Amino acid sequence: MAPSPTGSMHIGNLYGAVSDERIAHTSGGTFILRIEDTDDKRKVEGGVEKIIKYFSRFGLEFDEGATAEGDNGKYGPYRQRQRAKFYHIIARKLVLDGRAYPCFCSEEDLKLAHEKQESEKENFGYYGKWAIHRDMDIDEAIEKIKNGESFVLRFRSLGNPEKKIDFKDGIKGNLSFPENNQDFVLLKSDGIPTYHFAHVVDDHFMRVTDVVRGEEWLSTLPWHVELWSACGFKRPRFSHTAQVLKFDEETGAKRKMSKRKDPESTLEFYFEKGYPANSVLEYLMTLLNSNFEQWRSANPMASYKEFDFKTSKMGSSGALFDLAKFNDVSKNVIAKMSAEEVLEGVLAWSKEYDNEFYTLLSKDKEYAKAFFSIGRGGKKPRKDFACWSEVKDFVSYFYNELFSVNEEEYPEKISADERKKILAEYINVYSAEDDQNGWFEKVKALSESFGYTTDMKAYKQNPESFKGSVTDVSTVIRVAITGRQNSPDLFAICSLLGYDTVIERLKNA
RNA sequence: GGCCCGUUGGUCAAGCGGUCAAGACACCGGCCUCUCACGCCGGUAACGGGAGUUCGAUUCUCCCACGGGUCACCA
C-alpha cells in the first residue's frame, strides 16, 4: 500500500488496501506500507499517522513499512523523501547508459508545445521532434547545469508506438497497447523523483512481487514497462483494480466517487454513522470478489480472512457503491453479534458522538445488555439497525429520559375515549407474574371484552364485519408503553421495564 | 483529438460456443396463532446496436454507440 500523506482517506483507499492485504496474506507475502510523499504540495501534517490509525481501525495491520514511530523492516526507509540516494544512484546509471538526459524546458515552453500539438492535431507530450533537449550536445548541457540553470531529468525512450506489446494483468487479463515513446520526467528540478521513477526503484529494492493499484495507472503502464527494463530490473506482477463508482442523481450516470458530493466516499462518514469496521470490510469484500457472498452464506460465522481471495475473481469494471446493499450487509453483521458486542460498539460510538446516550447506557450496562438481547442470538435474529447511530431511536423507550408518546401513533379507528378505557382496564389485569403465554392470554381476554376479535384468520378474511382485532388493542398498549407502533416482543420489553414503569406509563397515557 | 479499459435486470453480479441466462440487494404479492423485524414461498425485471465466424452466439472477430481512465516537474 503506497498512499500519499494527504490527510484525507477515501473509501477507494480502503478498497485498495483490503485487496493488497488479502493478496499479500493469502499468498504468504508481506503487507507493506510505503509513504509516497514526493509531492510537497499534497503533504499534510500528521497525514501518515492518520493513515496508519485509520487502517488499524479496520483491522489492517502492516507487516513492514512506515509506522507512526518510524520504520519497521529491513528495506527502508519507507518514506520516499528519505530515499533520495536510491533514486540518484539509478538515475546516474541511466544517464551513463544513455537512457536519461537533462531537459531545460520551462513550464512555459512545455505549455506552448502542448498548444502547438493541439493545433497541429498531434499527440501531446515530450517525444520525437518535440523532445528538443534529447539530443543536446553533452558539453552544452554540462555548461548550462554549471551555470545553475534549472533542469529535470528525462527518460530517453527507445520505444516505437507502431509496435504493440502484450501485457498480462492480474485482474484485467491480457492487455495490448503501443510501445511507449514519451520521454517522461524521472527527477523533478528539485531532484525528487516522479511517481513513475520512484515506484520502479522502490519496488525493486523493496523486493516487491505484486503491485496492486487503481486502473488510472493503466495508461502509464507502457512507460513503466519500458522503464523497468531500462533499469535492468525484473518487473513485478501488476494488477489494476476497477474503481468504486457512484450513481450521479443529477446526470443519471455512473461516475467516480467524489469527496465533495458523496459523503460516503470518506472514511469519516462510517465513523460518524457508527458502522462497524467489519460491515465496511464485509461490503468491500462483496465488491472485491464476486464469489464472496456465496461463500459467506455457506460460512456465516467465519472471518472474511478465511475466504480464498483471488485477483482473478475481481471485477474488471467499476462497481457502484450501493448504500442500500451496504446497509443490508451491515445489518447482517450486527445481527450476528452478541448483546455484549453490540453494547460495546454502541458505547464506543456514543462516547464520541452522543454523550447523552453514552451516559444513559453506561449507567446500567447489565440493563442495556438485557434489552439488546431481545430477539438476538436465536436462529432468526432481528435486523433492526445498520449502524450505531440508528440504535438510540430503536431503544429510546427503555429510558424514561428519552421516552415520549406522540398522540398520532395511536390507531385512528379507536377513539381517545375507548383507548383510555382499554388502558384503564389493562392496568387492572396486568401482572408482573405472568409468563409470555399468560401475558398474551390477558391481552386476548381484554380484546374480547371490548368486542375485538382474536380470530385473526377470520378477521383477515373479512375485516369489515369486525369492530377490530386483538392487533388494535395490543397496538394501543404498545404505543402507551413504547411510544411507537412497532417494537420487538412487548412482553419482553415490559418484563425489562419492570412493573412500576409499565403501570406508570399506562396511567399517563 | 490520440491511446487504453469497460458495457448481462433498478443495483452488485455468475456465465467463459448449446443454460427455460444463477444468486444477492431493492421492489411487489403470500404465509408465519399481536405489530415490527427475522424466516419461508412466489413474482416483476437483463445479455447496448450492427455485421461476420459457426450447425449454433451473452460467450470469438470487426465496426459503431455509450461510459470510464489518461495524455503534468500530482500521485
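Computed from heavy atoms alone, side chains included, the values below leave out hydrogens, waters and symmetry copies. Chain letters run A, B, ... following the sequence lines, proteins first and then strands; every chain starts at 1. A quick note: this is a predicted structure, and the numbers were derived from the prediction, not measured.
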Assign each of A:D472 and A:E293 to its nearest nucleotide of RNA chain B by heavy atoms, then name whichever residue's nucleotide is nearer the 5' end. A:E293
OP1 or OP2 of B:rC73 sitting under 4.0 Å from any side-chain N/O of A:R154? yes
Nearest-nucleotide pick for A:L287, side chain only, options being B:rA75, B:rC34, B:rC12: B:rC12
Under 3.5 Å, is there an N or O donor on one side and an acceptor on the other linking the side chain of A:S189 and the base of B:rC73? yes
For A:D322 and B:rG9, what is the distance between atoms CG and P respectively, to the nearest whole Å? 15 Å
Cation-pi between A:R34 and A:Y78: NZ/CZ under 6.0 Å from ring centre and within 45° of the ring axis? no
Would you kindly give the NZ-to-C1' distance between A:K41 and B:rC73, to the nearest whole Å? 8 Å
Would you say A:E120 has more than 12 foreign heavy atoms packed within less than 6.0 Å of its CD? yes
Out of curiosity, A:F307 CZ to A:Q294 CD, how far, rounded to the nearest 0.5 Å? 9.5 Å
Whole-Å C1' distance, B:rC20 and B:rA46: 15 Å
Pairwise P distance for B:rG69 and B:rC63, with rounding to whole Å: 23 Å
Would A:R484 pass as a cation-pi partner of A:F394, given that its NZ or CZ must be under 6.0 Å from the six-membered ring centre and within 45 degrees of the axis? yes
Stem finding on RNA chain B, please: runs of three or more consecutive Watson-Crick or G-U wobble pairs, both distances under 3.5 Å, sorted by first number. B:1-7 with B:65-71, B:10-12 with B:23-25, B:27-31 with B:39-43, B:48-52 with B:60-64
How would nucleotides 35-41 of chain B be written as a contact map, 5' to 3', with B for base contact, S for sugar-phosphate-only contact and - for no contact, using protein heavy atoms under 4.0 Å? BBBBS--
Assign A:L175 to base, sugar-phosphate, or nothing according to its heavy-atom contacts below 4.0 angstrom with the strands shown. sugar-phosphate
Please measure how far the P atom in B:rG18 lies from the corresponding atom in B:rA57, and state the result in whole Å. 12 Å
Would you say A:K116 has more than 12 foreign heavy atoms packed within less than 6.0 Å of its NZ? no
Could you give the distance separating B:rG48 and B:rG67 at their P atoms, to the nearest angstrom? 16 Å
With sequence neighbours left out, what residues match A:Q80 under side-chain hydrogen bond (donor to acceptor under 3.5 Å, both in side chains)? A:E36, A:D202
NZ of A:K273: more than 12 outside heavy atoms within 6.0 angstrom? no
In whole angstrom, what separates A:L153's CG from B:rA72's C1'? 17 Å
Not counting sequence neighbours, list each pair that qualifies as a side-chain hydrogen bond (donor to acceptor under 3.5 Å, both in side chains) and has a residue in residues 150-165 of chain A. A:S157-A:E226
To the nearest Å, give me how far apart CG (A:N123) and P (B:rU70) are. 17 Å
Could you check whether A:F184 gets within reach of a base, just the sugar-phosphate, or nothing at all, counting any heavy atom under 4.0 Å? nothing
RNA chain B: A:W439 or A:T38, which has the more 5' nearest nucleotide? A:W439
Test side-chain hydrogen bond (donor to acceptor under 3.5 Å, both in side chains) applied to A:K331 - qualifying residues, sequence neighbours left out: none
Rounding to an integer number of angstrom, what distance separates B:rU11 and B:rC16 when you compare their P atoms? 23 Å
Could you check whether A:V443 gets within reach of a base, just the sugar-phosphate, or nothing at all, counting any heavy atom under 4.0 Å? nothing
Which part of the nucleic acid, if any, lies within contact of A:F124, taking any heavy atom under 4.0 Å across all strands shown: a base, the sugar-phosphate backbone alone, or nothing? base
Rounded to whole Å, CD of A:E215 lies from P of B:rC3 at a distance of 19 Å
Could you tell me whether A:R213 contacts a base, only the sugar-phosphate backbone, or nothing, with contacts defined as non-hydrogen atoms closer than 4.0 Å? nothing
To the closest 0.5 Å, what do you measure between CG (A:D384) and CD1 (A:I334)? 10.0 Å
N or O in side chain of A:K457 less than 4.0 angstrom from B:rC31 OP1/OP2: no
With respect to the side chain of A:E216, which nucleotide from B:rA24, B:rC4, B:rU70 is positioned closest? B:rU70
Would you classify A:C103 as touching base, sugar-phosphate or nothing, given that sugar-phosphate means primed atoms plus P, OP1 and OP2, and contacts are heavy atoms under 4.0 Å? nothing
Taking the C1' atom in each of B:rC5 and B:rU54, what is the distance between them to the nearest angstrom? 28 Å
For A:K313, report the nucleic acid contact type (base, sugar-phosphate, nothing); a contact means any heavy atom under 4.0 Å. sugar-phosphate
Quick one: A:H240 NE2 to B:rA75 P, roughly how many Å, whole number? 16 Å
With a 4.0 Å cutoff (strictly under), does any side-chain N or O of A:S219 reach OP1 or OP2 of B:rC3? no
Output the rounded distance in Å from CD1 (A:I165) to P (B:rC4). 11 Å
Min side-chain heavy-atom separation A:T38-A:K188 under 4.5 Å: yes
Euclidean distance for P, B:rA14 against B:rU59 (whole angstrom): 16 Å
Listed nucleotide nearest any side-chain atom of A:V470, set B:rC34, B:rC25, B:rA75: B:rC34
For B:rA75, take OP1 and OP2 only and decide whether either is under 4.0 Å from a side-chain N or O of A:H196. no
Specify the separation, in whole Å, of atom CD of A:E282 and atom P of B:rA24. 16 Å
Base, sugar-phosphate, or nothing: which does A:S176 touch, judged by heavy atoms less than 4.0 Å apart? sugar-phosphate
Suppose you measure atom C1' in B:rU8 against the same atom in B:rA45; what distance do you get, rounded to whole Å? 12 Å
Looking at residues at least two apart in the chain, or sitting in another chain, which of them share a side-chain hydrogen bond (donor to acceptor under 3.5 Å, both in side chains) with A:K413? A:Y459, A:D472
